[in-house]
K.L.:
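Below you will find the structure I want to go over with you.
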Amino acid sequence: MSYVSSRTVGRTPRRSWPRKVATATAAAGAIVGLLVSGSGPASAAQPHAPSAAPPATTLAAPDIPLANVKAHLTQLQSIATANSGNRAHGRAGYKASIDYVKAKLDAAGFTTTLQQFTSSGATGWNLIADWPGGDPNHVVFAGSHLDSVTAGAGINDNGSGSAGVLETALAVSREGLQPTKHLRFGWWGAEELGLVGSKYYVNNLPSTERAKIDAYLNFDMIGSPNPGYFVYDDDPQVETLFKDFFAAKGVPTEIETEGDGRSDHAPFKNVGVPVGGLFSGADYTKTAAQAQKWGGTSGQPFDRCYHSSCDTTANINDTALDRNSDAIAHAIWTLGTGTTPPPGTSFENTDNVNVPDVGAAVESPIAVTGRTGNAPSALKVGVDIKHTYRGDLVVDLVAPDGTAFRLKNSSSSDSADNVIATYTVNASAEVANGTWKLRVRDVAAQDIGFIDSWKLTF
Ligand code: DTR
Ligand code: ZN
Ligand code: ZN
Ligand code: CA
């Protein structure tokens, strides 16, 4: 598709814009995601619909018994007590912890694998447990680190995450779950030495296998004694899944913003796997506002025994441990049994649509199907518009119900070429399924262009 470039000195004055638009924030950058759309461009008149997914139905997760989760913590505490007071990498207490978890999973019918590595001159292990069945090309993966620091038993950090993931896996077995996707669970070694075990796993996972992981969910500290309810702000669909789970229980959540790089989701995220997770807080101090919404004690750390000898079975808030363990099960059942497209799913229209010079707005449609509920609060809108004076252009995202979100205003001073950007839109008030449109209008004479492609990632 060719377009003519020319310049004029004066530019027609910009028009005032209808105000029924919401705002969006722009961020350059690529979108990493799974393309659901079929191959080959549809005609400009017809939306570029992905292969139609069956209506999304998911099985409801069972309640995860708090008593069972706490029984695992009691076992981990006993192991630490019998092994110099800790379960740290390279110490007897860590191998005993691995053996305990593996025995439970073997008895429950999982296919378990011990992956051995060396760090700081000591042998470490990752434990991977696969639930037989499900689509091997779509893996839903939940993990937690099993090692403690040398200072103590590490019951909240991270017996809590390890026990919550373990009990969810055992619930899969008890229910005889037959998920549509393949379920995998992991317990990492040497996280406290710098994410050593999870890095080793990802580094040794072929890229073809990495690509099969629809989502990696990380649980590191989920029972803090003065708890907060933090949701990782990584994959928008996973983030929304957890936020909606807690909202349905009347539990407010906050975004875990400083978690990047702080736990075992980081190696997965670094290779493009959609990630998410939950966190109840460590050594940061709970604010008065947070105590107001979550209870507990303001001015005190979420976990005053973080990395200390007092991180024992007495260092757990049962409500937080129970809620977060149930959230793990909810995520596994929702992502593992539903026909909802996996996290990081994109819908794309690659048809070229000409934008008339200083003319009427044009639209490029995308039909979104197979999703459940509303769009995420961080819906990614990837835009590629070829144009020789991008200041001429006004760009809106239009939701299926007609609500317009302003992505870009015109600017008489922005003479650069092309609009190639990714915008993040809070579309959580909009139903996800339906025909979304990219609306583009050229408001200044001379210079023309066309919509080359655009993409929605949930
Ligand atoms: N690094 C983890 C604890 C931790 C601290 N901040 C976050 C944020 C998100 C997850 C975990 C953490 C540890 O000490 O194991
Ligand atoms: Zn730690
Ligand atoms: Zn930890
Ligand atoms: Ca123009």
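Atoms within each ligand, like the ligands themselves, are counted from 1 in listed order. It should be emphasised that the depicted structure is a prediction, and the values quoted were computed from it without experimental measurement.
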K.L.:
Suppose I only count heavy atoms of His307 and a 4.0 Å limit; which atoms of ligand 1 are within that range?
P.N.:
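Ligand 1 atoms under the 4.0 Å threshold to His307: 14 (O).
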K.L.:
Do NZ/NE/NH1/NH2 and the carboxylate oxygens of Glu254 and Lys293 come within less than 4.0 Å?
P.N.:
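Between Lys293 and Glu254 there is a salt bridge, with a charged N closer than 4.0 Å to a carboxylate O.
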K.L.:
Is Asp135 paired with Lys181 through a side-chain N to carboxylate O contact shorter than 4.0 Å?
P.N.:
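No.
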K.L.:
Counting backbone and side-chain atoms alike, does Glu191 have an N/O/S atom under 2.8 Å from the Zn ion (ligand 3)?
P.N.:
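Of the N, O and S atoms in Glu191, none lies under 2.8 Å from the Zn ion (ligand 3), which means no.
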K.L.:
May I ask which of Phe302, Phe219, Phe279 has a heavy atom nearer to atom 7 (C) of ligand 1 than the others do?
P.N.:
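When every heavy atom of Phe302, Phe219, Phe279 is considered, Phe279 comes closest to atom 7 (C) of ligand 1.
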K.L.:
At a 4.0 Å threshold, what atoms of ligand 1 neighbour a non-hydrogen atom of Glu256?
P.N.:
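Those qualifying, in numeric order: 8 (C).
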K.L.:
With a cut-off of 4.0 Å, which atoms of ligand 1 are near a heavy atom of Asp157?
P.N.:
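Close to Asp157: 13 (C), 14 (O), 15 (O).
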K.L.:
How is the N/O/S atom of His145 that comes nearest to the Zn ion (ligand 3) named?
P.N.:
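Looking at His145, the N, O or S atom with the least distance to the Zn ion (ligand 3) is NE2.
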K.L.:
Using a strict 4.0 Å cut-off to heavy atoms of Met221, name the atoms of ligand 1 that fall inside it.
P.N.:
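Counting atoms of ligand 1 from 1, those under 4.0 Å from Met221 are 3 (C).
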K.L.:
Please work out the angle at the Zn ion (ligand 2) defined by atom OE1 of Glu192 on one side and atom NE2 of His307 on the other, rounded to 10°.
P.N.:
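It comes to 80°.
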K.L.:
Give me the one residue out of Ser263, Ser144, Ser198 that meets side chain to side chain donor-acceptor pair (under 3.5 Å) with Asn218.
P.N.:
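When side chain to side chain donor-acceptor pair (under 3.5 Å) is applied between Asn218 and each of Ser263, Ser144, Ser198, only Ser263 qualifies.
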K.L.:
Would you give the angle at the Zn ion (ligand 3) between Asp220 atom OD1 and Asp157 atom OD1, to the nearest 10°?
P.N.:
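With the Zn ion (ligand 3) as the vertex, OD1 (Asp220) and OD1 (Asp157) sit 100° apart.
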K.L.:
If you measure every N or O of Asp220 against every N or O of ligand 1, does any of those distances drop under 3.5 Å?
P.N.:
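So ligand 1 has an N or O lying under 3.5 Å from an N or O of Asp220.
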K.L.:
Yes or no: does Tyr232 have any heavy atom under 4.0 Å from an atom of ligand 1?
P.N.:
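Tyr232 counts as a contact of ligand 1 under the 4.0 Å cut-off.
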K.L.:
Find all atoms of ligand 1 within a distance of less than 4.0 Å from any non-hydrogen atom belonging to Glu191, and give their numbers and elements.
P.N.:
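Listed by number with element: 1 (N), 2 (C), 13 (C), 15 (O).
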K.L.:
Determine whether a donor-acceptor pair (N or O, by modelled atom type, separation under 3.5 Å) exists between the side chain of Ser308 and the backbone of Tyr306.
P.N.:
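The answer is yes, because a donor-acceptor pair under 3.5 Å joins these two groups.
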K.L.:
Test Asp311 against every option in Ile155, Asn158, Ile316, Val149 by the side-chain contact (heavy atoms from CB on, under 4.5 Å) rule and name the one that passes.
P.N.:
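Only match with Asp311 under side-chain contact (heavy atoms from CB on, under 4.5 Å): Ile155.
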K.L.:
Quick check against the 3.5 Å criterion: does Asp220 have a side-chain atom that pairs as donor or acceptor with the backbone of His145?
P.N.:
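Absent.
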K.L.:
Within a radius of less than 6.0 Å around CD of Gln292, do more than 12 heavy atoms belonging to other residues, nucleotides or ligands occur?
P.N.:
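Incorrect, the count does not exceed 12.
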K.L.:
Only one of Asp264, Asn126, Thr112, Val165 forms a side-chain contact (heavy atoms from CB on, under 4.5 Å) with Trp187, so which one is it?
P.N.:
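For Trp187, the side-chain contact (heavy atoms from CB on, under 4.5 Å) check succeeds only for Val165.
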K.L.:
Do the charged groups of Arg174 and Glu167 touch, with an N to O distance under 4.0 Å?
P.N.:
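Counted as a salt bridge, because a side-chain N and a carboxylate O are separated by less than 4.0 Å.
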K.L.:
Below 4.0 Å, non-hydrogen atoms only: which portion of Phe230 touches ligand 1? Side chain, backbone, both or neither.
P.N.:
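Neither; no heavy atom under 4.0 Å.
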K.L.:
Can you find an N or O of Tyr306 that's nearer than 3.5 Å to an N or O of ligand 1?
P.N.:
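Yes, at least one N or O pair falls under 3.5 Å.
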